[in-house]
Amino acid sequence: MLILHDPQCADYGSSMRPEQPARVTKSVAYVRAAHPDWSWRVPSAVVTDETLLLAHTPAHLKRLTLARDFNADTPFFPAINEHARRAVAAALEAAQHALATRTPAFSLMRPPGHHATADQAMGFCYLNQTAIAALAAHHHFGATRVAVWDFDAHHGNGTEAILHAHAGAGPDAGVFFFASVHQFPAYPGTGAHDLGPHTRNWPVAPRTPRGAHLAALRASLDAVIAFAPDLILVSAGFDAYARDPITAMTLERDDFAVLGCWLRETHRPAAAVLEGGYSDDLPLLIDAFLTGWQNSPTPVA
Ligand SMILES: [Zn+2]
């Protein structure tokens, strides 16, 4: 297991908001102590505008440098542009590592990204590192087909919109797949239906029993596998946990371990990026997912 982490990602924000520095600092401490044999790396790459423009508009990159709040959920913070770029760098390195070694890589960074659209910061997200990594993997890292599996409790509207824009026509037609399992209705209000054969959504009603939620997750991963991707990028949010303060879902710690085991059993290069997850148990949930991903037994062929 390779963990991409830059301690600077805890240098902004407030403990008064759900998306706060302690999410990552506590998770880092827990995972480091639990797995002293895992590798850690500070992302070294400087992310260029050219790479960000794979997914975002020039106007959006400029907007991120202006000291004005984006909306109530998504304030401006000093140097948020640099913080968001570091999260992109970590996702890119995780994707490259997965493709090069076929071993797990996890970006343990903030801010999250899956709500950010081509031209808008929203839902605690400023740049969409998962969409950028998907596009970069296809255009620069040698992967032809790239799938995103988003199990955050909220719909990955930004990733969906960015990748779906490439889905229908042009040189990228048919090379990206997006699958999201999320609470519906809930923020941001999208994700009720599929947008096409490569843009799939599994809405799950609030308080759905965990077995039914897991069945939707299994179906979504089966769809990802059927797409035969060269790379699976996981938007790993942990806010579908039963005791998350901002959702009404029912998954338990063991369920996140199951998701990790399933990912391992795809036998495909995969990289995961931390998205949401706001309970005090976040370190345990991340650890369960990563441990399942790293250690699940390989089934007999
Ligand atoms: Zn979320």
Side-chain angles (χ1 to χ4, degrees), residues 9 13-14 17-24 26-27 70-75 83-84 87-88 90-91 106-117 120-131 133 148-163 178-192 200-208 210 213-214 216-217 220-221 233-253 255-256 259-260 272-286 288-290:
C9 76
S14 159
R17 293 180 174 277
E19 203 296 283
Q20 57 184 254
R23 296 177 61 235
V24 167
K26 290 182 178 174
S27 298
F70 300 90
N71 53 56
D73 285 337
T74 316
H83 289 295
V88 174
F106 181 63
S107 171
L108 182 39
M109 293 287 287
R110 55 189 287 272
H114 73 153
H115 293 307
T117 65
Q120 193 173 7
M122 59 183 281
F124 317 147
C125 302
Y126 301 85
L127 293 168
N128 194 316
Q129 54 264 44
T130 300
V148 172
W149 185 41
D150 187 328
F151 65 71
D152 187 278
H154 301 96
H155 180 233
N157 62 296
T159 315
E160 175 186 82
I162 291 165
L163 295 184
F178 174 78
S180 179
V181 184
H182 45 269
Q183 180 178 316
F184 187 89
Y187 181 89
T190 49
R200 304 284 310 277
N201 287 301
W202 281 261
V204 177
R207 289 172 287 282
T208 294
R210 58 194 275 223
H213 190 160
L214 265 185
L217 286 159
S220 69
L221 186 59
L233 292 172
V234 183
S235 270
F238 297 86
D239 41 8
Y241 180 52
R243 283 166 290 289
D244 194 277
I246 72 169
T247 63
M249 306 300 269
T250 62
L251 295 188
E252 295 291 345
R253 177 182 179 180
D255 297 325
F256 292 101
L259 301 185
V273 171
L274 177 62
E275 300 282 4
Y278 307 99
S279 93
D280 290 341
D281 291 338
L282 179 63
L284 306 179
L285 307 179
I286 292 174
F289 170 65
L290 296 181

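The structure presented is a predicted model; accordingly, all values stated were derived computationally and were not measured. For ligands, and for the atoms within them, numbers begin at 1 and follow the listed sequence.
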Indicate whether the side chain of [X] and that of [Y] have a donor and an acceptor atom separated by less than 3.5 Å.
| X | Y | value |
| --- | --- | --- |
| S180 | H155 | no |
| H182 | D150 | no |
| T130 | S235 | yes |

For a distance under 2.8 Å, tell me if E275 has an N/O/S atom near the Zn ion (ligand 1).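 No, E275 does not qualify, because none of its backbone or side-chain N, O or S atoms lies under 2.8 Å.
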Taking the Zn ion (ligand 1) as the reference point, name the nearest N/O/S atom of [X].
| X | answer |
| --- | --- |
| H154 | ND1 |
| D152 | OD1 |
| D239 | OD2 |

CG/L274 to CZ/R110 distance, rounded to the nearest 0.5 angstrom? 10.0 Å
